[in-house]
Amino acid sequence: HLMAVIGHELRGPMLSIQNIGDTISYLLQNGQVTQAASLGGHIRHRVFSIRMLLDNLLYWGLSQAGKQEVFREQVPLRPILIESFELVEFWITSKHINLTIFCTAELNLYTDRNILRMVLLNLLTNAIKFTHEGGTITLTASQCPNQNCLIEVSDSGNGMDATSFSRIQAGSFRTTPGTHGEKGTGMGLALCYKLLESLGGRLSLHSEPDKGCTFTIHLPPDGLRAS
């Protein structure tokens, strides 16, 4: 079943890219350069969807095989938050979602840049998927009194019940259509849970039905350096 879902998730964006390419070719042949150029964002969005799926498959396979490597370095947090937003900006704009970033201090994390970015992207894409048009998403980063670093991804979407989150923690994939009928493999949140474990962190959830979700990344003191 999972392979069928993955095949569908790859086929859809690739067919869309092919159709957009045909449209661009037609427009250019008819001298409509501006209209052709305007379709570039749509291609970028489809390619990003394929890249996310392939990256998730790679990270999931490595984590299941016990071969996930962690390369820690000093990483400024705010640029990663902004970069993650920019990578999903097209999708946010298409649903007219307002995204706000709060970084209460200039924090440097001693962590794996790529793993943290992968977690953030999966949490953001999940929030976008289940947030209604015109809704809100907030990214908040802070340092607690116990020195833990917290990164919260909050949305005004559909919410999630405790049973579904428990299944994610157990490594089960949860697939539910988004507010625009968006589909997926259900792999992203389960992968976040596994990847944070490799960083010595964890993922928690606060949610109310129809009032949205707040996923919180907890990173340990030895993975944080205050600037």
I'd like to check [X] versus [Y] (side-chain heavy atoms, cut-off strictly below 4.5 Å). Are they in contact?
{"X": "Leu109", "Y": "Leu116", "result": "yes"}
{"X": "Leu123", "Y": "Ile217", "result": "yes"}
{"X": "Glu152", "Y": "Thr138", "result": "no"}
{"X": "Thr111", "Y": "Ile115", "result": "no"}
{"X": "Cys149", "Y": "Leu107", "result": "yes"}
{"X": "Ile50", "Y": "Arg46", "result": "no"}
{"X": "Ile97", "Y": "Thr136", "result": "no"}

Check this for me, if you would: do Arg202 and Glu197 make a salt bridge, where the nitrogen-to-carboxylate-oxygen distance has to be below 4.0 angstrom? no

Do you know which of Asn30, Ile24, Leu28 makes side-chain contact (heavy atoms from CB on, under 4.5 Å) with Tyr26? Asn30

Looking only at non-hydrogen atoms, find the nearest pair between Leu205 and Cys213 and report the distance. CD1-CB, 3.9 Å

Same apolar cluster: [X] and [Y], side chain cutoff 4.5 Å:
{"X": "Leu58", "Y": "Val70", "value": "no"}
{"X": "Leu15", "Y": "Leu39", "value": "no"}
{"X": "Leu54", "Y": "Leu120", "value": "yes"}
{"X": "Tyr193", "Y": "Leu199", "value": "yes"}
{"X": "Leu57", "Y": "Leu121", "value": "yes"}

Applying ring pair (Phe, Tyr, Trp, His ring centres under 6.0 Å) to His206 and Phe215, what does each step give before you reach the verdict? CA-CA 7 Å; His206 174 75; Phe215 283 98; over 10 Å; no

Rounded to the nearest 0.5 Å, how far does [atom2] of [Y] lie from [atom1] of [X]?
{"X": "Ser25", "Y": "Ile20", "atom1": "OG", "atom2": "CD1", "answer": "13.5 Å"}
{"X": "Gln143", "Y": "Leu219", "atom1": "CD", "atom2": "CG", "answer": "11.5 Å"}
{"X": "Ser154", "Y": "Phe102", "atom1": "OG", "atom2": "CZ", "answer": "10.5 Å"}
{"X": "Trp91", "Y": "Leu124", "atom1": "CH2", "atom2": "CG", "answer": "10.0 Å"}

Donor-acceptor check, side chain of Ser156 to backbone of Gly212, threshold 3.5 angstrom: yes or no?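 No, Ser156 side chain to Gly212 backbone: no donor-acceptor pair under 3.5 Å.
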
Judged by atom type as modelled, is there a donor-acceptor pair below 3.5 Å linking the side chain of Asp112 to the main-chain atoms of Phe71? yes

Counting neighbours of CZ on Phe90 that are heavy atoms of other residues, nucleotides or ligands and sit closer than 6.0 Å, is the number greater than 12? yes

Mind running side-chain hydrogen bond (donor to acceptor under 3.5 Å, both in side chains) on Asn122 and Asn56 for me, showing each step along the way? CA-CA 9 Å; Asn122 272 295; Asn56 280 346; 3.0 Å; yes

